[in-house]
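Heads up: the structure comes next, in structure tokens.
Atoms within a ligand are numbered from 1 in the order they appear, just like the ligands themselves. If you're wondering where the values come from, they're calculated on a predicted model, not measured in any experiment.
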Amino acid sequence: MNNREIQAAWKYHDGSKHSYWSIRNHPHFLDWANRPLPFKIYPKVEPFPLPPDVPQTGVAVLSAISETVPSPRADSVPGVEDLARLLYFSAGITKQRAYPGGEIHFRAAACTGALYEIELYLVSGDLPGLDAGVYHFNPADVALRLLREGDFRGNLVQATAMESGVAHAAATIICTGTYWRNAWKYQARTYRHFGWDNGTLLANMLAVSSASGLPAKIVLGFVDAEVNRLLDLDMRREVSLCLVPIGRTSESSLPAPREAPALGLDTIPLSQHEVEYPAMLEIHDASSLESVEEVNQWRAKPPVLPSSAQTGEAVRLQPLPEGDQPKDTIEQVILRRGSTRTFDQAASITLAQLSTILDCATRGLPADFLEPTGAQLNELYLIVHSVQDLKPGAYFFGREQNTLEPLKEGKFRAEAHHLGLEQELPADACVDIFFLADLNRVLEQYGNRGYRAVQLEAGAIGGRMYLAAYAQHLGTTGLTFFDDDVVNFFSPHAKDKSAIFLVAIGKPLKRKPQ
Ligand SMILES: Cc1cc2nc3c(=O)[nH]c(=O)nc-3n(C[C@H](O)[C@H](O)[C@H](O)COP(=O)(O)O)c2cc1C
């Protein structure tokens, strides 16, 4: 199927919407005995343990998330310690908790259902401390496993039609999504989660890369089949989602693409049996790019610019001046991050705290689909419950102007409870930030692959919000929602847009000592 036949993205989007009735008419019960393994395990491949206790960057978190490293003229080549830091603080295990059926290993980035369906691979040239190869990263033992020996960067240069970041990178990380690991709980909605969960992980990865002085960017333009073949993925189960070139070398001759025969390596089955959701295979197929020509055409499209100009009066945001910003490092904040499970409804946050989060999270992602303008596909709508110096109500965030435009005044905790899938979290938070996009324009411009882009961007901005909130000792959680009800709530302003994602921010409820 063709990337330009955008009814495929609409079919998936409309078919995976949540509504009050869809939840009641199609209840889904979890088969705990068939719970998927949270790790991809190659039992017969020797581990290459990454160095433990790698020195931390010490860079303050808000600088790390909002400042992109300019491309250096000289070489900027990661060593194995840099890679260990990047992989660990993106996908490593940061906490462990017992639950009735066993242990949950929580990771550096938030992920729907703590199911961790995003896998990381590395394609590198010879680096300090690491030989050239294609590797898989396993967070369970913080080790790489060599899948192919030798320098395969040329295969990625070819698959991305000579994308400049990939062509000059010393190493490229590839993020993949494993359907069943998330679909066990979320069924066909998992394809949206691929974007969200990959996005939160990318927020960490870009921040740590920036703090390490290494340029990095998100690359979504690549020939899918070529990258999948390089990793030897079983494409009915696992697919490549994006590439992140890391560092920059001034090597003058690029390695030529090499043969990448099937590897046939065993992996441990995730569950006793898996359920396949054809809707996800269809949207993935329809959003795949099939040739270098198609990648070139796709990349040549000018990015979608914001559609909603600000109209009425607006509140100017007041981010914390640099001197007053928290000094906690990116590593400290990632280690203490964890989604808030109960917000304190009696608490409030300041306008400066909210402004700082919005400002840092929306300064523009380094991504091939947003170049060269630094545009943003998602637009932000807020329900403010308790932010000092801001009247409760609904607002639109003017990214260009750094303002909040009031849409309607009122106390909307009950509405937020409903919109966020009848959960307490969005009702008790201080503010709920909804991500909406003009999907028509995005899909017209980018084809079905725009659907991948808009979900991924939402996750990455949401991931930055997590970090900016935790930097200020606030609490955050990603949330799911009733799609059409969200659009209706913010209409007429949001008319013709689609709901993409939701983040709630507030203060965690401190439990009283028993
Ligand atoms: C995209 C996204 C959506 C989420 N949706 C919900 C939700 O609807 N309800 C909820 O209680 N938690 C939600 N969460 C929080 C996850 O359950 C949480 O990230 C996961 O359990 C891992 O825990 P941690 O974030 O504390 O590391 C969401 C997280 C993400 C990243």
Polar proximity ligand 1 side, [X] side, N/O cut 3.5 Å exclusive:
X    : answer
T112 : no
S339 : yes
G338 : no
F106 : no

Residue, atom and distance of the protein heavy atom nearest atom 4 (C) of ligand 1 read G478 O, 3.2 Å
[X] heavy atoms, cut-off 4.0 Å: which ligand 1 atoms fall inside?
X    : result
R341 : 10 (C), 11 (O), 12 (N), 15 (C)
R337 : 24 (P), 25 (O), 27 (O)
A110 : 19 (O), 25 (O), 31 (C)
L425 : 11 (O)
T477 : 12 (N), 13 (C), 14 (N), 15 (C)
Q423 : 7 (C), 8 (O), 9 (N), 10 (C), 11 (O)
Y116 : 22 (C)

Decide, yes or no, whether a salt bridge links [X] with [Y] under the criterion of side-chain N to carboxylate O below 4.0 Å.
X    : Y    : value
R181 : D197 : no
D428 : R413 : no
R189 : D483 : yes

Q) Is a side-chain N or O of S271 found less than 3.5 angstrom from the main chain of E274, in a donor-acceptor match? A) no
F501: heavy atom below 4.0 Å from ligand 1, yes or no?
yes
Review point. Does ligand 1 have an atom that lies less than 4.0 angstrom from a heavy atom of L421?
Key: no
- prompt: Quick check: are there more than 12 heavy atoms from other residues, nucleotides or ligands sitting under 6.0 Å from CD of Q272?
  reply: no
I'd like to know if the side chain of Y446 pairs up with that of R452 as donor and acceptor (distance under 3.5 Å, no hydrogens or angles considered).
no
